[in-house]
Amino acid sequence: MALTMAMTTDCGSTSRWSMVSLKSALPPLTPTASSIKLPCRGRRSPPKCPQLVRSFSALSPVNPLHFLGFSDLNSFGHSFTIIDNGCRFYAMRHGRRVPKLNRPPDQRRALLRGLTTQLLKHGRIKTTRARASAMRKYVDKMITLAKDGSLHKRRQALGFIYEKQIVHALFAEVPDRYGDRNGGYTRIIRTLPRRGDNAPMAYIELV
């Protein structure tokens, strides 16, 4: 009724109606003007569980978050922190690939320890390219520990290499052999694929 009266008065005075008169004719937006009670989803809910959600009765407000009851929020960016179900989101693991070698972590570590021990014992072994690339950093680390020569580094090497005699021989020969070399203690030479499963093979040897 108020809307029609405002329009008739504006049409009687001028040929065009204004937006100010239209907004003044609309009913005010009050929290208790029109509300809908929504029960909670839980079976055992406290007595003060129903929430008040305002219904859409007029023009959309300028800030929808104030319309929904979040008076302390001014942007939609805060709503992403409110809507949380306990999960955490992480970025993609680009460039962090770990060679799994088709084995669980304990078996993979045992395999790398065995390959490192055999390479330091014989000086050259033949294995797959994936295993050779994966064990390369561990061999370089053992040689770096041997170049230091301290008791702590020796105990670290004893905890990784299976044979004790190889550790003592490594700590005795490495300072003279690789004293002037900073890294790059191994060399990988590709060879023919393995017969049977056609797996790419390679030789890995000490420089």
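When all heavy atoms of A134 and K137 are compared, the closest pair comes out as O-CG, 4.0 Å. Across R113 and T117, no two heavy atoms sit closer than the pair O-OG1, 2.8 Å.
Among residue pairs with one or both ends in residues 163-186, those qualifying as ring-ring contact (aromatic ring centres under 6.0 Å, His included) are Y178-Y185; sequence neighbours excluded. A ring-ring contact (aromatic ring centres under 6.0 Å, His included) check over residues 93-128, counting only residues at least two apart or in different chains, returns nothing. Listed by first then second residue, pairs satisfying salt bridge (charged side-chain N to carboxylate O under 4.0 Å, His left out) with a partner in residues 160-177 read K121-E163, not counting sequence neighbours. Judged as a salt bridge (charged side-chain N to carboxylate O under 4.0 Å, His left out), not a single pair has a partner in residues 142-161 (not counting sequence neighbours).
Rounded to the nearest 0.5 angstrom, L101 CG and L111 CG are separated by 6.0 Å.
With sequence neighbours excluded, no residue satisfies salt bridge (Lys or Arg N to Asp or Glu O under 4.0 Å) with K141. Evaluation of the side chain to side chain donor-acceptor pair (under 3.5 Å) rule for Q107 yields no partner, not counting sequence neighbours. Partners of P105 by side-chain contact (heavy atoms from CB on, under 4.5 Å), not counting sequence neighbours, listed by chain and number: R108. R136 is linked by a side-chain contact (heavy atoms from CB on, under 4.5 Å) to D140, T186, I188, counting only residues two or more places apart in sequence or in another chain. Looking at residues two or more places apart in sequence or on another chain, you find a ring-ring contact (aromatic ring centres under 6.0 Å, His included) between F160 and Y138.
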I'd like a table of donor-acceptor pairs (distance under 3.5 Å, sequence neighbours excluded) in which one partner is a side-chain atom from residues 192-207, with atom names and distances.
{"unit_1": "R194", "atom_1": "NE", "unit_2": "D197", "atom_2": "OD1", "d": "3.2"}
{"unit_1": "R194", "atom_1": "NH2", "unit_2": "D197", "atom_2": "OD2", "d": "2.9"}
{"unit_1": "D197", "atom_1": "OD1", "unit_2": "A199", "atom_2": "N", "d": "3.4"}
{"unit_1": "E205", "atom_1": "OE2", "unit_2": "R187", "atom_2": "NH1", "d": "2.8"}

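In this structure, the side chains of L115 and Q118 stay at 4.5 Å or more apart for every pair of heavy atoms.
Annotation: D106, atom CG; neighbour count of heavy atoms from other residues, nucleotides and ligands within 6.0 Å is above 12.
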Going through the distances and angles, do M135 and I125 end up as a side chain to side chain contact (heavy atoms under 4.5 Å, CB included)?
-> CA-CA 12 Å; M135 65 174 291; I125 60 174; 4.2 Å; yes
